[in-house]
Number of protein chains: 2
Amino acid sequence: MTRLPPTDANRRGELLRVAARLFRAKGYDGTTTRDIADAVGMRSGSPFYHFKSKQDLLASVMEEGLLASLPAAEAIAGGRLAPREKFEAMARAHLEMVLGEGHDFIPVLLYEWRCLSPELKERVRAQKERYDAQWQIVMAELDAAGLLPTDQRAARLMVVGALNYSVQWYQSAADGPVSQLARKVSALFLPPEP
Amino acid sequence: MTRLPPTDANRRGELLRVAARLFRAKGYDGTTTRDIADAVGMRSGSPFYHFKSKQDLLASVMEEGLLASLPAAEAIAGGRLAPREKFEAMARAHLEMVLGEGHDFIPVLLYEWRCLSPELKERVRAQKERYDAQWQIVMAELDAAGLLPTDQRAARLMVVGALNYSVQWYQSAADGPVSQLARKVSALFLPPEP
DNA sequence: CCTACCGATCGGTAGG
DNA sequence: CCTACCGATCGGTAGG
């Protein structure tokens with residue numbers, strides 16, 4: 001581990017990481033800009049040198065999370081796996097983004113959405129929809145293979161909901177690794193293999 | 001509709017209903033006790049005549065929601081329906097508590113849990129566990145009938161997660177009535193009928 | 001339940 | 001990025 005010299009760019013990155021962690025743990029309204037400044041060793045006014053406002057920091061956390069999640073999702077959805085395996089791979093990647101060590105960005109997106117102003121919602125929405133579109137691809141292929149017992153929209157929202165809710169209860173000790181959880185999700189949602 | 005004379009008891013009830021609505025819409029930390037007082041036509045200090053603190057009001061909202069949900073859940077779980085029908089009835093009741101007109105209490109429980117102090121969490125937990133226990137009964141009967149392709153705990157948490165997440169996307173116009181959604185949930189989670 | 005109020009805190013800014 | 005600060009707001013209370 002070499003320590004980088006502090007630059008504007010990596011100070012900004014530190015603020016994003018720390019803000020994500022605190023927003024997740026205490027909520028957007030429950031976290032003060034002073035909490036964030038303290039956690040990175042800045043004075044209370046200094047975060048506003050890097051971000052226009054507290055809301056801007058929140059939106060940036062969400063964008064960062066989506067930007068980090070998209071490549072894996074696109075690779076899986078656009079790849080050549082069979083529908084069943086594609087579904088499980090997508091579930092595993094999704095769980096990783098939501099439960100993985102230091103992955104606080106997507107939970108913030110999920111739970112603090114209403115704290116964004118309408119304009120900032122618009123700013124984040126485009127990338128959010130690009131992510132949802134990957135799930136739609138996977139669900140459409142399942143449907144085409146006769147593996148979906150209900151309509152694609154309802155199925156997708158239920159699956160994603162079940163995965164997202166895992167942040168509320170998952171403990172790696174009790175529930176096993178993420179890959180094992182993904183297998184259970186697949187067993188639960190898809191009809192048994194013939 | 002007859003208008004009741006204002007008593008301490010029904011003023012308290014008004015505060016609970018209004019607080020539930022505002023906590024759900026704007027979050028606990030995003031709602032001020034002044035917002036709540038305004039919405040029921042009181043002065044800013046008056047809610048504290050009915051509740052010791054803002055946190056006490058939050059915990060009371062949650063308890064109220066659980067107290068209202070428990071009878072239906074216990075009737076279904078303890079009833080004589082076949083496992084498949086019992087599951088669907090439970091899902092419908094759960095969706096009703098989460099999506100129904102004026103039912104803001106349970107969503108507050110789901111999304112503002114972390115805002116409670118440890119002592120207040122303890123106060124609410126007992127009733128919360130009583131509700132979860134009804135789901136456990138239903139899942140155990142499904143399992144005994146060979147209708148669960150994975151372990152009961154994981155299945156229960158996924159199902160409840162999928163149902164709870166519906167508050168984020170459900171629109172009665174686009175998604176149909178709750179009873180129809182419950183049927184889809186049942187089709188998605190349970191193996192096809194022979 | 002209202003009046004009148006307090007102490008603390010908060011997001012944000014000017015100037016360097 | 002720090003210093004020094006402001007205007008606004010917030011949960012809560014004493015006294016009636």
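A, B, ... follow the sequence lines: proteins, then strands. Residue 1 opens every chain.
- In this structure, CG of A:Asp8 is placed 14 Å from C1' of D:dC2, rounded to the nearest angstrom.
- Residue pairs satisfying the ring-ring contact (aromatic ring centres under 6.0 Å, His included) criterion with at least one member in residues 26-69 of chain A, sequence neighbours excluded, are listed as follows: A:Phe23-A:Tyr28.
- Spacing between atom CZ of B:Arg12 and atom P of C:dC1 amounts to 12 Å, rounded to whole angstrom units.
- Identified under the ring-ring contact (aromatic ring centres under 6.0 Å, His included) test for residues 136-158 of chain A, with sequence neighbours left out: none.
- Below 30°, between 30° and 60°, or above 60°: for A:Tyr131 and A:His94 the angle between ring planes is between 30° and 60°, a tilted geometry.
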Convert the base pairs of DNA chain C into dot-bracket notation, remembering that pairs crossing earlier ones are written with [ ] and that bases paired across to another strand are shown as |; include only Watson-Crick or G-U pairs under 3.5 Å. ||||||||||||||||
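- With distances taken from any side-chain atom of B:Ser46 to the nucleotides C:dC1, C:dG12, D:dG12, the minimum falls on C:dC1.
- Inter-residue side-chain proximity for B:Leu81 and B:Phe87 is flagged as unmet; no heavy-atom pair is nearer than 4.5 Å.
- Between B:Lys52 atom NZ and D:dG12 atom P the separation is 11 Å, expressed in whole Å.
- In this structure, B:Asp175 and B:Trp169 have side chains that are in contact, with non-hydrogen atoms separated by less than 4.5 Å.
- For the side chain to side chain contact (heavy atoms under 4.5 Å, CB included) criterion with B:Leu163, the lone passing option out of B:Leu99, B:Leu181, B:Val185 is B:Val185.
- Nearest-nucleotide assignment on DNA chain C puts the 5′-proximal partner with B:Gly41, out of B:Ser44 and B:Gly41.
- Listed nucleotides: C:dG12, C:dC2, D:dC1. Nearest to the side chain of A:Lys54: C:dG12.
- Here the nucleotide nearest the side chain of B:Met42, chosen from C:dG11, C:dC1, D:dT13, is C:dC1.
- Summarising the geometry, the separation between CZ on B:Phe48 and P on C:dC2 is reported as 13 Å, rounded to the nearest angstrom.
- Remark: B:Glu141 pairs with B:Lys86 by the salt bridge (Lys or Arg N to Asp or Glu O under 4.0 Å) rule, at least two apart or across chains.
- Shown here are the side chain to side chain contact (heavy atoms under 4.5 Å, CB included) partners of A:Pro191, two or more places apart in sequence or in another chain: A:Leu147.
- Rounded to an integer number of Å, the gap from CG of B:Leu58 to C1' of D:dG11 is 14 Å.
- The stretch residues 27-38 of chain B touches DNA chain D through B:Thr31, B:Thr32, B:Thr33, B:Arg34, each having a heavy atom under 4.0 angstrom from the strand.
- Atom pair A:Arg43:CZ and C:dT13:P shows a separation of 20 Å (rounding to whole Å applied).
- For B:Arg130, the CZ atom sits in a loose shell: 12 or fewer heavy atoms of surrounding residues, nucleotides or ligands are nearer than 6.0 Å.
- Between the C1' atom of D:dC2 and the OH atom of A:Tyr49 lies a distance of 12 Å, rounded to the nearest Å.
- When rounded to the nearest whole Å, the span between CG of A:Leu57 and P of C:dG12 equals 10 Å.
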